[in-house]
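All of these numbers come straight from a predicted model, not from anything done at the bench.
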Amino acid sequence: MIRAAVFDVGECLVDETREYGTWADWLGVPRHTFAAVFGAVVSQGRDYREVFTEFAPGFDLTEQRTARAAAGQPEHFDEDDLYSDVRPALAQLRQDGLWLGIAGNQTVRSGKILRALFSDDVDLIGTSDDWGASKPDPLFFDRIADAVPHEVHEILYVGDRVDNDIEPAAASGMLTALVRRGPWATIQWNSEKAGKLPTFRIESLSELSSCIREFNGRER
């Protein structure tokens, strides 16, 4: 039985297109060029932070986040950046009786934004900065398991990345859903692991409610 659903943030709940565009502006490179290099780095299985060092050798993301904030250009997302299916999907899953959470690799600042957006909609909001562990570290998923009041095999983790979300969540004993959007899911979708590992492969979060009901029906 699936009794809880926990969601990744970037490219699962939040469309990061605008934010990556602001990073291109900060680096002083055309947005389409930044996007092209981003896609190349992801397709090669490299760490996305290498995108920045392609344009600025020695680039330190933490330092540059601080510099952006000091310059009055902090990283930011808001209601307009949420995918259109997010609110309806959360509302339906809540109506279905599921315990809901949000947990991703996010900064303290992003955690504050998430709490402003979602505190009334979910039971848990946790970030890597809160927990001192980042995906795909197994400790991150241990933190989720500790926070959710259900057994680990009753938790569905929903994300857009096979490497950072689906594979480590499954290794921790959770069920998983891979949502096809954003650069990672688009590039990884036809890989062997993307085909075999997820409990569900979905095009939209709106599919989750029916997927979970069908799964739970089989488990009874």
Does E192 have more than 12 heavy atoms from other residues, nucleotides or ligands lying within 6.0 Å of its CD? no
Hey, is CZ on R46 packed in by over 12 heavy atoms from elsewhere, all under 6.0 Å? yes
Each residue besides L139 in its hydrophobic cluster should be listed here, by chain and number; the cluster joins Ile, Leu, Val, Met, Phe, Trp and Tyr at side-chain heavy-atom distances under 4.5 Å. none
If you measure from CG on D60 to CZ on R49, what distance do you get to the nearest 0.5 Å? 10.0 Å
Rounded to the nearest 0.5 Å, what separates atom OG1 in T176 from atom CG in D8? 12.5 Å
Minimum-distance pair of heavy atoms, taken over all atoms of L178 and V162: CD2-CG2, 4.0 Å
T22-R18 side chain donor-acceptor pair, cut-off 3.5 Å: no
Is it the case that the side chains of W26 and Q64 hold a donor-acceptor pair, with the cut-off being a distance below 3.5 Å and no angle test? yes
Assess the residue pair D85 and R181 against the criterion (side chain to side chain contact (heavy atoms under 4.5 Å, CB included)); give the C-alpha distance rounded to whole Å, side-chain angles, the decisive distance to 0.1 Å, and a yes or no. CA-CA 12 Å; D85 57 3; R181 56 191 180 203; 2.8 Å; yes
Under 6.0 Å between ring centres: does that hold for F52 and W23? yes
Is V158 reachable from V122 through a run of I, L, V, M, F, W or Y residues, each pair having side-chain heavy atoms under 4.5 Å apart? yes
Go through the steps for D15 and T17 under the test side-chain hydrogen bond (donor to acceptor under 3.5 Å, both in side chains), then give the verdict. CA-CA 6 Å; D15 182 341; T17 301; 2.6 Å; yes
